[in-house]
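Have a look at the structure below, then the notes.
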Amino acid sequence: MKLLDDSDDFDGVPLSHRAMAARPAPYLDGLNAAQRAAVEVLDGPVLMLAGAGTGKTRALTTRIAHLLMLGRARPGQILAVTFTNKAAREMKDRIARLLGEAVEGMPWLGTFHLISVKILRRHAELIGNGDLHLKPSFTILDTDDQIRLMKQLIQAENLDEKRWPARQLAHLIDGWKNRCLTPSNLPRGEAAAFDGWGGRLYAAYQDRLLTLNAVDFGDLLMHCVTLFQAHPDVLKTWQDRFRYILVDEYQDTNVAQYMWLRLLAQGHRNICCVGDDDQSIYGWRGAEVGNILRFETDFPGAQVIRLEQNYRSTPQILAAASGLIAANAGRLGKTLWTDAEEGERVRLIGHWDSEAEARWIGEEIEAFQGGHRAALGPVSLNDIAILVRASHQMRAFEDRFMTIGLPYRVIGGPRFYERQEIRDAMAYFRLVVSPEDDLAFERIVNTPKRGLGDKAVQTIQTIARQNGVSLLEGARIAVEEKHLSGKGLANLRGLVTDIGRWHADAIDSTVRHVELAERLLDESGYTAMWQNEKSPDAPGRLDNLKELVKALEEFDNLQGFLEHVALVMDRDDGEAGEEVSIMTLHAAKGLEFPVVFLPGWEDGLFPNQRAMDEQGTRGLEEERRLAYVGLTRAERLATISFAGNRRLYGQWQSSMPSRFVDELPQDHVEVLTPPGLYGGGYGGAMAFAGANAGTDMHDRAAKADVYNSPGWKRMQARAAERKAPVHRTPVTIDAEPAAKFGVGDMVSHAKFGEGRIMGIAEDTLTVQFETGFKTIKAGYVRPVGDGDDVPF
DNA sequence: GGAGGAGGGTCATTA
DNA sequence: ACCCTCCTCC
C-alpha cells in the first residue's frame, strides 16, 4: 500500500474510507488474546502493561499498522514516541515489514527529543524572554558545551569553581528542566539551591542560551511545554493533527514528558501508553514511576491491558526474576508465565576477586564455543552478553578478553560522538555552518595549537563583547586592528580567512559537503595534528575521523548531519564478526540474549551504595528492578556472580555478596563452586560464600562442599555472634581491624567529624566526610549510629 | 605569553 | 584513577 505523505494542510480533510478495513487482516494472526486486544482497542486511553519479553514491540507496531490499514489515521497523524533512536528505528522497520512496504511517511515516529525539535523549529520565535528569542536555526548543545557555558557563568559571578562545580549546577538545572521548572516558575526553595545562586545562575544560563541561539537537551521538552501552555492556538493545531498517540516505555517518562504528552493527548484522547513498572530504571534522571502507576486516574476511562505471556525466557529464569522483584512494594503487579521448556536454573558463583571473576567468565565462554554445553546447543559469541552495573566493571573483562583473544564489543561505552577528535571536528563543521557559534569557535581556535592561548582568547572576547558581535567577528576585528602580535596574529588571520572561505563553500551548493569536510580537516591542520601525535591512540583517532567523514555521505549537507548528531548520539555499529557484548544493565534494557552473565552482585556496587544513600528505599527498589531487567534479558541461561575483592578507585576493596543474591528464590538457583577454592589462600572467598549461606541459602549448605569448609564455619560462627544483617558486614581475611566496618556504615573521626564509609581496603577506609573524601586507617575512626550493625 | 610536564587535589553509577 | 593548576622552559 502506498502511504500518504505528511502534509501541513490536512485539517478537516476527511479520511478516505478504505475498503480493506473489512477484510481479515493477516498481520493479526499469531497474536495472543491480550496482544490482540492491545492492537484492536483503538479509541480512548489505553495502558498496555507489558512485562519483559511479552511481545510489546510487536503489539505496538501491529497497532500502528492496524490504524493505518483501517484508515483511522494517515501516517502523519500518528504520534509515536520512543526513548531511544534504536527503538524508533526498530519500530519503523517492523511497521514496514507488517505492511509489506517501506513506510515513507511516519514523520512523527521518533524520540521525545526528535519530535520536540521538529515542533520547536516551527515556532522558534515564540520561545524567548524579552527581546531575546530563538531562531528556527537554533543549535542543540550537548553536555560538554553545557558545562563549559556554566563554568563561564560561574566565573562571571566571581564564584569559586571548587565550591560550586559546574557539573553540579548542570545536574541541578537538568533536574529542574526535567520537571518543567523555568527560571520564572522555579519555587523559592529550589532557587535557593547552590547557596542561593541556583535561580540566578539558571536565569543567566537560559539567557545565554538564547543569545547563542541554542538550546540544551532538557530545553527541547521544556520549551515545547511552555510553548503549548502559552499559545493555545499552537497547541490546538498539534492536538488536531495527532489523532492517535502511542508511547513506548511509559514508565521512564519524567514530569516534562508527562506534561508534554498530556497536553497533546487532550485533543483526541486516543493515547496508548506501553510500559512495565517493574522495568523503571531511570528515576535518577527524573523518570517518575508514578506516571505509570497513576495512569488510570490521569486518564479516566482508561483500559488496562496486561501482556503476561513471556516468549523469551525459560521458566527457571522467569521464576528467579519474579521471585526477586516480588520484594518490591507498590507494583501494579503482573504474573509472567511461559510455556517454554523448563531450562536450567540460574547459576550463582562467588569469586575471590574481580579478576578471577573475569577469568572464569572468559573460560565459560570458551567452553560454550568448544561445545561443552551441549544442552544449550551451539552458542555464538553474539548470543552472549555480560551486563554490568557500572561501566568501570567493564575494564576487567576487556583486559581479560584482550589477553585470551576473545572478541568482544563494548556497547554504549565512550560514545563515538563524544570522543575528543569527533567533537573537535564537529566544532569545525558547526562554525562553518553557523559562524556565530561561539562555543565552537572557542573549542577550535587553538586546536591544533596556533599560539592562541587564554590571553588571546580573552582579547577576542573583549572585542566581541564591545562590538556586540560573535567571537569569529571579534577575531576578524582583532586581526584588522592588530590587537594581537606576532605568530598569534598571523595564525588568527589565517584561521579567520579560512573559515570565511569554508563558510562560503558550505553555502555554495556546487561544493560537495563531504569534500568540504575533508578539505576543512586538512587545511585547518587538524588531521596533521593527530598524524604528528605519537601516542598509541592517535591512529585510532584518525580512523574515527575517516569514519566521521564517511558518515557524512548519508546526508545532503552539513546542517542535516549536525542536526542528526545532536539528537542521535549513538552510532549504529556495523555488524562486525562474532563478538561477546559487554554493556551496562541500563544499556541492556530492551535487548535479549540466549546467554547472560551478571557479574558484580555485591552490596555497595549492586545495589549501588549511592542510589541507596540518596534515594533510600526508593533507590533500593530501583536497583532491584535493574536486577530484574538484567535477569529477564536472558533467554536460556543466566549466571550471577560476585567477587570478594574488587579494585575500585585505585584500591583493592573487599565486599559482600549482594542482598539480591539472598532474595533469589533458591529453588531456581544452582550454586557453583568457584575454581581454586581449595588451593589455599582463598579463605576470603570461602568465608563470604558462607556468609551468604547464613541466610536463606542455608539449606543448600549440605549440597555444596564449600559450606563445609572451615572458612564457612568460621564465618557462620562470626555471623551468629553479631546478629547484624550479615550482608552489611564485610569480611576480611584475617579479621583485620577493618572487619569491624562495612561499606555504608557511619563513622566518626576526631578531625573530620562524621562520614560514611565508601570503600574498604585491608585496614584502610575510604570515607566520605562533609568536607570530601578521605582515605584513613581504620584505627582512626570510631563507628557511630546504629550500634547493632557494628559490634565491638 | 604559550606549551608541556609534574604534582596536587578531587572525585568516585546509571543515558 | 583522573583532572586541573601551577611551574618552568621556550
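Each chain gets a letter, A, B and so on, in the order the sequences are listed, and its residues count up from 1. Below, all heavy atoms of this structure are taken into account, side chains as well, without hydrogens, waters or symmetry copies.
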Side-chain donor-acceptor pair present, A:E602, A:S658, cut-off under 3.5 Å: no

Atom CG of A:N532 with >12 non-hydrogen neighbours under 6.0 angstrom: yes

Scan nucleotides 3-7 of chain B against the protein and return all N/O pairs shorter than 3.5 Å with their distances rounded to 0.1 Å.
residue, atom, partner, partner atom, Å
B:dA3, OP1, A:G451, N, 3.2
B:dA3, OP2, A:N446, ND2, 3.1

Flag for A:W260-A:S116: side-chain donor and acceptor within less than 3.5 Å: yes

Residues forming a ring pair (Phe, Tyr, Trp, His ring centres under 6.0 Å) with A:Y250, sequence neighbours excluded: A:F295

With A:H586 via ring pair (Phe, Tyr, Trp, His ring centres under 6.0 Å) - residues at least two apart: A:Y282, A:W284

Sequence neighbours excluded, every pair satisfying salt bridge (Lys or Arg N to Asp or Glu O under 4.0 Å) that has a member inside residues 246-257 of chain A: A:K56-A:D248, A:K56-A:E249, A:E249-A:K589, A:D252-A:K589

A:K455, NZ atom: more than 12 neighbouring heavy atoms under 6.0 Å: no

Using a cut-off of under 3.5 Å, enumerate the N/O to N/O pairs linking the protein to nucleotides 8-10 of chain C.
none

For DNA chain B, the dot-bracket pattern of Watson-Crick and G-U pairs whose distances stay under 3.5 Å, | for other-strand partners: ||||||||||.....

Mind listing the side-chain donor-acceptor pairs of residues 474-487 of chain A below 3.5 Å, one per line with the distance, residues two or more places apart or on another chain?
residue, atom, partner, partner atom, Å
A:R476, NH1, A:E473, OE1, 2.9
A:E481, OE1, A:H483, NE2, 2.9

Between B:dT13 and C:dC4 - C1' atom distance, rounded Å: 23 Å

Counterpart residues, side chain to side chain contact (heavy atoms under 4.5 Å, CB included), relative to A:R395 (two or more places apart): A:D399

Sugar-phosphate, base or nothing in reach of A:K589, heavy atoms under 4.0 Å: nothing

Partner residues of A:F597 under the ring pair (Phe, Tyr, Trp, His ring centres under 6.0 Å) criterion, sequence neighbours left out: none

Ring pair (Phe, Tyr, Trp, His ring centres under 6.0 Å) against A:Y205, all qualifying residues, sequence neighbours excluded: none

Residue of the set A:D276, A:L620, A:N328 for which side chain to side chain contact (heavy atoms under 4.5 Å, CB included) holds with A:R625: A:N328

Spacing of A:D399 atom CG relative to C:dA1 atom P, expressed in whole Å: 11 Å

Any residue meeting side chain to side chain contact (heavy atoms under 4.5 Å, CB included) with A:A52, in chain and number order, not counting sequence neighbours: A:Q279, A:R312, A:T632, A:R633

Polar atom pairs (N or O), protein with nucleotides 12-15 of chain B, under 3.5 Å:
residue, atom, partner, partner atom, Å
B:dT13, OP1, A:Y649, OH, 3.4
B:dT14, OP1, A:S391, N, 3.0
B:dT14, OP1, A:S391, OG, 2.3
B:dT14, O4', A:R389, NH1, 3.3
B:dT14, O2, A:W284, NE1, 3.0
B:dT14, O2, A:R389, NH2, 3.2
B:dA15, OP1, A:T584, OG1, 3.2
B:dA15, O4', A:R285, NH1, 2.8
B:dA15, N3, A:R285, NH1, 3.3

